[in-house]
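Following: one structure in C-alpha cells, then a few remarks.
Only this structure's heavy atoms are used, side chains among them; waters, hydrogens and symmetry mates stay out.
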Amino acid sequence: MDFFARQEQARRKTKWLVLYFMLAVALLIVSVYFISLVVFVGVQARQHHSYDEAPIQIKLWDPEVFFGATIGVLAVIFLGSAYKTNELAAGGSAVATLMGGRLVSQNTTDANERKLLNVVEEMSIAAGVPMPQVYVLEDERGINAFAAGHSTGDAAVGVTRGCIELLSRDELQGVIGHEFSHILNGDMRLNLRLIGIIFGLLCLASVGRILLYARGGSRDKNALPLLGLALIALGAIGVFFGRLIQAAVSRQREFLADASSVQFTRNPGGLSGALQKIGRYSYGSKLESAHAPDLCHMFFGNGLGDALFGAMATHPPIPDRIHAIDPAWDGKFPPLKEEQVETVRRAAISELEQTHPPMPQILGAILGGAAIDEDAPKPPVIRTRSVLPNLGNPTPLHLKYAEQLRNALPENVKAAARDPLDATALIYALLLAAGEQLRAQQLAEIARRTSSSISEKTAALFPDVSVVARRARLPLVNVALGALRNLQADEFTRFSATLKWLIGSDGKVELFEFVLQKIVLRHLASKFGDARPAAIQFYTLKPLVPDCAVVLSALANVGSSDADEIQKAFAAGAPYVYAPDDVPLELLAPDQCGVNQIDAALSRLALALPVIKRNLIEASVHVVGEDGVIVEAEAELLRAIADTLDCPMPPLGVEE
C-alpha cells in the first residue's frame, strides 16, 4: 500500500470513528432516558403517599424526559470533547506535557538522550519530515513510546525512561521506526481525535458526581442525587464504549506499524528484541500516569491491563507481534539480566564519544561518488519512475544515508542545528549570496534586524553550510526545525521578518527560496501562529485545476528559458493531473506563476484529497524529468513542494 492509499485509509477510519461515536452517543441517550424515567417516576411515587389516590402509571415514552435526556447527554459529551480537543490543539507537545514528559534539550550530554536524539534525527532525514520534538517520560519505568500530533509540523515523539535505558540502539531504532510509521500513515490526527471523543464519553460520570451532592427541595422531592448515582453508573458505559472504540481503531494499525518499521530498518531483530524485552521486563510496557487510560491507544505497547481478557485491549498480544516479524522466536521470555542493561549503557556512552569521517568522504559514498570538487563523478541520474513509490516509504538505504549524513556534518553545523538562535543563523546561511559584496550587505542587515552575534554566527557557518547545501539543503532545514520550535515569540517574529527580507534582498526570489520559506513558516505555524489543523476542503479536482497550472508552469519555467522546452516540459506533466475536459490545463506566462500565485496555489492544494496531491506530484515529476534527467536542484525542489502539501518525500537519488 503506497503513502496516498494509507492516507486515504486513515481518512476512512476517521469516518468509522465518527460512526462508533454516534452509536455510543445514541446508546447513552437511550440509557439516560430510561434511567431518568425510573428516577423521576420513583420520586413522584414517594410524593403520592395517600391511599385514596390512583396509582402512578409508568409511560415508556415521555417526550419531555427524552428531550431533556438528549439535550443533556449531547451537551455534556460534545462540550467535554470540545474542551479536550482544544486542550490538545497544540499537537504532540500538549500530549507529551499531559503525560508528564520533559522536552529533551537538543544539546543534551546525557548518553541515553543523545542516542535517542540521534535515532530520531536519522529517521527524520530518511523520511523527509521535520525533526519532531522529543520528550522523555521520566516517571515511567516501563518500556513504551508514542508519536502524537496533528501533522508533521507539530509532531512530538515521547519515550519512557525505561525505553531509553533498557533498549539497545537497534531496538530503539525499531521502536522509533514504528512511531514514524504512525506519523507517515496519518494515524496521529486520528489518535488525537480519539482522545477528545473518549473524554466526552467519560464526562457523564463527572456530571453524575456533581449531581450526587446537589441540594434543593426536600429530601423526598430532590431527584438529582439519584440521577447523579445513575450517571456515575452510566460513566462505566462510557468507559466501555471508549475502550471499545480504542480497540477497534488501534489494534490492526499496530501490526502495520510493526511491519513498516521492519521494512524501514531492514532489521527485524531490533523491533523483535524491543518487544521481547517488554515481555521479559517486570514492568513490561505499563504506564503509571493517571492520563494513561485516555491515551493508551497511541503508545507502542499496551500501557494498561488486558480488559475483558484482552478482548478490548488496544494492542495485539506481545507474542503475536513478535511471531509476525520473527517466526523463528522460541516463545520464551527469560528474565532481563543486569549485565544486559549495563551493556546498553556502555554502548550509549561509546556512541556519544564516537568520532566520524569528514563530510566529503561520506557524502561521496552515499551519493554514489558525488563529491564536492567539480572533477568528481556526477551524482546518479534520478529516475522519474522511482520517485512516487518512495514517497512516504523510506528504505534502509535512506536510513543509511541519513545516519552517514548526520555523522558527517561539520560539528559547528550540527551544533547550530540544535540551538534555537543558532538555528536561525543556519537558515540565514543557506540563503546568503555567493558574491562577497552582496553577502557583506546581507550580513550587515541581519545584524541590524536581529543582533551582531547572530550575524557573526551566520558568517561563520556560511563556508561549511554552502558546501553542505549543494547536497542536502532540505535535510538541514528539517533538522533545524526541531530547534526553531523552541524560539521565543519575539525571536520568531524577528526571524520570520528577516527571512522574508533575506530571500528578496538580491532583487529576485527563486522558487526554492520561496518554498523553503513556506516550509519553515508552515511547520512553525502551530507553535507561533493561530493556524489550526487543516481539514480537507477540496474533494474534486475541478476547482483546483488553475492551481495545478500555476505549479506546473512554475516548474517548467525553472528548468529552461527556451519557450519550446518550457511548453514541452509542461505538456509532459499535464496529462498526469487528469483534469476534466471542460476545464483546460494550460501553460501560464511567467508573470502568472510568480511566488504570490504559487503561495496561494500550494495553500489551496494542501487542502485537497490525497489522490489529487498524488496526481499533482506525479505530474511535477514528469515536468522536471522531461529532459530525461532530474538534477539535484530539481530533486530538492520537488521534495520541497511535496513537503508543503504534507507529503514527505525521502532524499532522491538514494537507490539500490
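A side-chain donor from one of D646 and T152 sits under 3.5 Å from a side-chain acceptor of the other. In the model, N191 has a side-chain atom that pairs as donor or acceptor with a side-chain atom of R253 under 3.5 Å. Using a 3.5 Å distance cut-off with no hydrogens or angles, the side chains of H182 and D187 do pair a donor with an acceptor. Checking N118 against E403 by side-chain atom types alone, no donor-acceptor pair falls below 3.5 Å.
For S289 (side chain) and M99 (main-chain N/O), no donor-acceptor pair under 3.5 Å exists by modelled atom type. Not a single donor-acceptor pair under 3.5 Å links the side chain of K286 to the backbone N or O of L304. In this structure a side-chain-to-backbone donor-acceptor pair under 3.5 Å is missing from R485 to L524. With T85 contributing its side chain and S81 its backbone, the two residues share a donor-acceptor pair below 3.5 Å. Not one N or O on the side chain of K84 forms a donor-acceptor pair closer than 3.5 Å with the backbone of G200.
Between V157 and P132, the shortest heavy-atom distance links the atoms CG2-CG, 3.9 Å. K115 and A348 get closest at one heavy-atom pair: CD-CB, 4.3 Å.
Scanning for side chain to side chain donor-acceptor pair (under 3.5 Å) contacts around T395 gives H398, with sequence neighbours left out. Every residue was checked against the side chain to side chain donor-acceptor pair (under 3.5 Å) condition with E288, not counting sequence neighbours, and none meets it. S285 is linked by a side chain to side chain contact (heavy atoms under 4.5 Å, CB included) to N144, I278, counting only residues two or more places apart in sequence or in another chain. Here E339 pairs with K337 under the side chain to side chain contact (heavy atoms under 4.5 Å, CB included) rule; sequence neighbours left out. Every side chain to side chain donor-acceptor pair (under 3.5 Å) that E113 has, sequence neighbours left out, goes to R102, T108, R161. Partners of D422 by side chain to side chain donor-acceptor pair (under 3.5 Å), not counting sequence neighbours: none found. With sequence neighbours left out, the salt bridge (charged side-chain N to carboxylate O under 4.0 Å, His left out) criterion links K527 to no other residue. For S272, the side chain to side chain contact (heavy atoms under 4.5 Å, CB included) partners at least two apart in sequence or on another chain are Q276, I322, I325, D326. Among residues two or more places apart in sequence or in another chain, the salt bridge (charged side-chain N to carboxylate O under 4.0 Å, His left out) test is passed with E338 by none. Applying the salt bridge (charged side-chain N to carboxylate O under 4.0 Å, His left out) rule to D258 yields the partners R321; only residues at least two apart in sequence or on another chain are considered. Shown here are the side chain to side chain contact (heavy atoms under 4.5 Å, CB included) partners of A274, two or more places apart in sequence or in another chain: L167, E171, V175.
A salt bridge does not link K414 with E121: every distance from a Lys NZ or Arg NE/NH1/NH2 to an Asp or Glu carboxylate oxygen is 4.0 Å or more. Salt bridge annotation for E342-R345: present, with a cationic side-chain nitrogen under 4.0 angstrom from a carboxylate oxygen. Remark: R114 does not engage E351 in a salt bridge, criterion side-chain N to carboxylate O under 4.0 Å. Under a 4.0 Å N-O distance rule, the pair R522/D643 qualifies as a salt bridge.
Taking the side chain as every heavy atom from C-beta outward, L426 and V477 never approach each other to under 4.5 Å.
Atom CG of L184 sits about 8.0 Å away from atom CG of N393, to the nearest 0.5 Å.
Using a 30° and 60° split on the angle between ring planes, F300 and H178 fall in the perpendicular class, above 60°.
The ring-ring contact (aromatic ring centres under 6.0 Å, His included) pairs that include a residue from residues 117-142 number zero, where partners must be two or more places apart or lie in different chains.
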